[in-house]
Amino acid sequence: MAEVQVQEKGGKGGKVRSKKQNTRVDMTPMVDLGFLLITFFMFTTTFSKPNVMDLGLPAKPKDDKQKPPPTEIKLSNSISLLLGKDNKIFWHQQDNTSLTDQNLNETTFDREGVRKVIEQAKANAADKSKFTVIIKPTDDAVYKNFVDILDEMAITKSEQYGVTDLKPWEKAIYDRKVGNSGAAAATTAPATK
């Protein structure tokens, strides 16, 4: 049991006074009150709410018979965006036979970068109603870049877009492109002791 002890002041000599009783305060109810307050504030505090991104995905068909046939997207009606490491983004409008290091173009996530590329590709599309953006994050990409590119889809009003993995031929070109830019940066960097 917790209590407050009051120190006695005793002196020698002097007048004789009646002895006063020490005041004794029981602190046990205060401990109970403290726990009640802690519990109250824990239950009334709003915790951080999770950030949820709404992705409108089509319903999964129950039968294989109901599955629509795979659609072929024409190169003139699409653009492929590759999300890379170090906040880099690459784009192309090529197939597996014509994609090279030179036509895998790098851009940025700002207004003059990927947004302008998407808008130009949409303007040059053969059929603007079927224009599709294909987003391909690499293993090196970060989640923030994926969210940023989905925001660009909303800003550019690109309603048809898809997320898929890199094809092996794209990955080979991407690795060469990232490897070349990394090697060039290493050779131009001054040597430090």
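Here the CZ-CE distance, from Phe35 to Met30, works out to 13.0 Å after rounding to the nearest 0.5 Å. Taken to the nearest 0.5 Å, the CG atom of Asn145 stands 13.5 Å off from the NZ atom of Lys85. With rounding to the nearest 0.5 Å, the separation of CG in Leu99 from CD1 in Ile173 is 5.0 Å. Here Leu82 contributes atom CG and Lys136 contributes atom NZ; the two are 6.5 Å apart, rounded to the nearest 0.5 Å. Taken from CG in Leu83 to CG in Leu166, the straight-line distance is 9.0 Å, to the nearest 0.5 Å. Asp165 contributes atom CG, which lies 10.5 Å from atom OG1 of Thr138 (distance to the nearest 0.5 angstrom).
Between Ile135 and Thr164 there is no side-chain heavy-atom pair separated by less than 4.5 Å. Side-chain contact between Glu170 and Ser80: present, with at least one pair of heavy atoms (C-beta onward) separated by less than 4.5 Å. Proximity of Ile134 to Ile79: side-chain heavy atoms (C-beta onward) are nowhere separated by under 4.5 Å. No side-chain heavy atom of Val133 sits less than 4.5 Å from a side-chain heavy atom of Ser78. Side-chain atoms of Val114 and Trp91, non-hydrogen and from C-beta on, never get closer than 4.5 Å to each other.
Judged purely by atom type and a 3.5 angstrom limit, Thr132 uses its side chain to pair as donor or acceptor with the backbone of Lys130. Side chain of Lys177 to main chain of Leu104: a donor-acceptor pair is present (N/O by atom type, distance under 3.5 Å, no hydrogens or angles).
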Listing, residues 122-129 side-chain donor-acceptor contacts under 3.5 Å, not counting sequence neighbours, or none:
unit_1 : atom_1 : unit_2 : atom_2 : d
Lys122 : NZ     : Thr156 : O      : 2.8
Lys122 : NZ     : Lys157 : O      : 3.2
Asn124 : ND2    : Gln120 : O      : 3.3
Asp127 : OD1    : Ser129 : N      : 3.4
Asp127 : OD1    : Ser129 : OG     : 2.8
Lys128 : NZ     : Ala123 : O      : 3.1

Next item on the list: Could you walk me through whether Ile118 and Ser158 pass the side-chain contact (heavy atoms from CB on, under 4.5 Å) test, one step at a time?
Entry: CA-CA 9 Å; Ile118 293 171; Ser158 299; 3.7 Å; yes
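Counted within 6.0 Å of CD on Glu159, heavy atoms from surrounding residues, nucleotides or ligands total 12 or fewer; the atom is thus considered open.
Exactly one of Thr107, Asn105, Ile89 qualifies for a side-chain contact (heavy atoms from CB on, under 4.5 Å) with Val117. That residue is Thr107.
Residues passing the side chain to side chain donor-acceptor pair (under 3.5 Å) test with Asp86: none are found, sequence neighbours excluded. Shown here are the salt bridge (Lys or Arg N to Asp or Glu O under 4.0 Å) partners of Lys167, two or more places apart in sequence or in another chain: there are none. Judged as a side-chain contact (heavy atoms from CB on, under 4.5 Å), and not counting sequence neighbours, the contacts of Ile155 are Arg115, Glu152. Thr44 meets the side-chain contact (heavy atoms from CB on, under 4.5 Å) test with Phe40, Phe41; sequence neighbours excluded. With sequence neighbours left out, Lys171 forms a salt bridge (Lys or Arg N to Asp or Glu O under 4.0 Å) with Asp175. Applying the side-chain contact (heavy atoms from CB on, under 4.5 Å) criterion to Asp110, with sequence neighbours excluded, gives Thr108, Glu112. Checked against side chain to side chain donor-acceptor pair (under 3.5 Å), Asn77 has no partners two or more places apart in sequence or in another chain. The salt bridge (Lys or Arg N to Asp or Glu O under 4.0 Å) search around Asp148 returns Lys144, not counting sequence neighbours. Listed by chain and number, the residues in a side-chain contact (heavy atoms from CB on, under 4.5 Å) with Thr100 are Gln102, Asn103 (sequence neighbours excluded). Remark: Tyr174 pairs with Phe90 by the ring pair (Phe, Tyr, Trp, His ring centres under 6.0 Å) rule, at least two apart or across chains.
Hydrophobic clustering (side-chain heavy atoms under 4.5 Å, transitive across Ile, Leu, Val, Met, Phe, Trp, Tyr) groups Val178 together with Trp169.
Other cluster members for Ile38: Met42, joined by side-chain heavy-atom distances under 4.5 Å among Ile, Leu, Val, Met, Phe, Trp and Tyr.
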